[in-house]
**Student:** 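Shown below is the structure under consideration.
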Amino acid sequence: MSDINIPKSIRASHISIAQLMQPEHANNLGNVHGGWIMKLVDEAGALACMRHAQRRVVTVAIDSMVFRQPIRIGDLIILNAELTYTGRTSMEAEVQVQAENPITGERTHTNTAYLVYVALDDNGSPISVPPLKAETEEEKQKMEQANERQRRRLKQK
Ligand SMILES: CC(C)(COP(=O)(O)OP(=O)(O)OC[C@H]1O[C@@H](n2cnc3c(N)ncnc32)[C@H](O)[C@@H]1OP(=O)(O)O)[C@@H](O)C(=O)NCCC(=O)NCCS
């Protein structure tokens with residue numbers, strides 16, 4: 001396990017997962033069930049956090065999710081997740097969701113979600129995570145925006 005005082009890059013937490021949407025993932029309209037997408041989003045965010053913390057994690061907060069486009073059965077759902085914030089034991093992951101038609105290759109961005117996870121020690125208690133470091137100006141801005149989101153969540157608590 002790495003030293004938790006050494007900052008880690010956003011890039012190091014990045015994870016991409018893809019899954020073919022099958023008939024069992026359908027809602028009554030024949031598109032992909034929103035709950036299935038939410039499950040994959042939660043898994044992708046958790047994996048990015050596990051990569052960063054090198055610990056198991058639990059979801060503590062999920063921001064509202066807006067689905068801009070339906071995802072169709074037969075599409076490939078692609079999720080890209082990475083960290084945008086670390087507190088002492090908490091982490092925010094940004095998850096970008098895309099749908100790809102595997103025949104035409106056309107890709108649509110369907111939604112972006114922000115979720116907060118807490119790293120746990122072997123006894124199930126929150127444990128410190130390494131800080132996150134920005135390597136580009138864009139990453140720095142993302143981290144500032146994430147700080148603001150976390151500040152708002154804690155205010156609403
Ligand atoms: C997550 C959990 C372990 C936190 O325990 P806790 O006693 O509340 O611990 P703390 O108050 O120290 O909070 C831990 C961190 O979560 C953050 N947090 C707590 N509530 C939060 C919220 N609503 N939004 C964002 N962050 C939150 C705290 O700010 C703290 O972050 P920090 O250490 O970086 O400052 C506990 O709430 C829990 O077990 N929840 C259930 C998790 C779960 O079952 N998820 C679904 C299945 S994975």
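Indexing begins at 1, ligand by ligand and atom by atom, following the structure's order. We count residues from 1, following the sequence as given.
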**Student:** May I ask you to decide whether Lys142 forms a salt bridge with Glu138, counting only side-chain N to carboxylate O separations under 4.0 Å?
**Tutor:**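 Result for this pair is no, no salt bridge flagged.
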**Student:** Could you tell me the separation between the NZ atom of Lys133 and the CZ atom of Arg11, rounded to the nearest 0.5 Å?
**Tutor:**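 Lys133 atom NZ to Arg11 atom CZ measures 8.0 Å (nearest 0.5 Å).
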**Student:** Can you find a side-chain donor-acceptor pair between Arg153 and Gln156 that sits under 3.5 Å?
**Tutor:**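 No, Gln156 and Arg153 have no side-chain donor paired with an acceptor closer than 3.5 Å.
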**Student:** At less than 3.5 Å, what protein N or O atoms come close to the N or O atoms of ligand 1? Include the distances to 0.1 Å.
**Tutor:**
from     : atom 1 : to     : atom 2 : distance (Å)
ligand 1 : 20 (N) : Lys157 : NZ     : 3.4
ligand 1 : 26 (N) : Gln150 : NE2    : 3.0
ligand 1 : 31 (O) : Ser90  : OG     : 3.2
ligand 1 : 33 (O) : Thr89  : N      : 2.9
ligand 1 : 33 (O) : Thr89  : OG1    : 2.6
ligand 1 : 34 (O) : Arg88  : N      : 2.7
ligand 1 : 34 (O) : Thr89  : N      : 3.0
ligand 1 : 34 (O) : Ser90  : N      : 3.0
ligand 1 : 34 (O) : Ser90  : OG     : 2.6
ligand 1 : 45 (N) : Thr59  : O      : 2.8

**Student:** Assess the side chains of Ser13 and Glu82: does a donor N or O sit below 3.5 Å from an acceptor N or O?
**Tutor:**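 Distance-only check fails for Ser13 and Glu82.
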**Student:** Would you compute the distance between atom CG of Asp42 and atom OH of Tyr117 and round it to the nearest 0.5 angstrom?
**Tutor:**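 Going from CG on Asp42 over to OH on Tyr117, the span is 4.0 Å.
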**Student:** Distance-only check: which donor-acceptor pairs under 3.5 Å involve side-chain atoms of residues 83-90, not counting sequence neighbours?
**Tutor:**
from  : atom 1 : to     : atom 2 : distance (Å)
Thr84 : OG1    : Glu92  : O      : 3.3
Thr84 : OG1    : Glu92  : OE1    : 2.5
Thr86 : OG1    : Leu132 : N      : 3.2
Arg88 : NH1    : Ser128 : OG     : 3.3

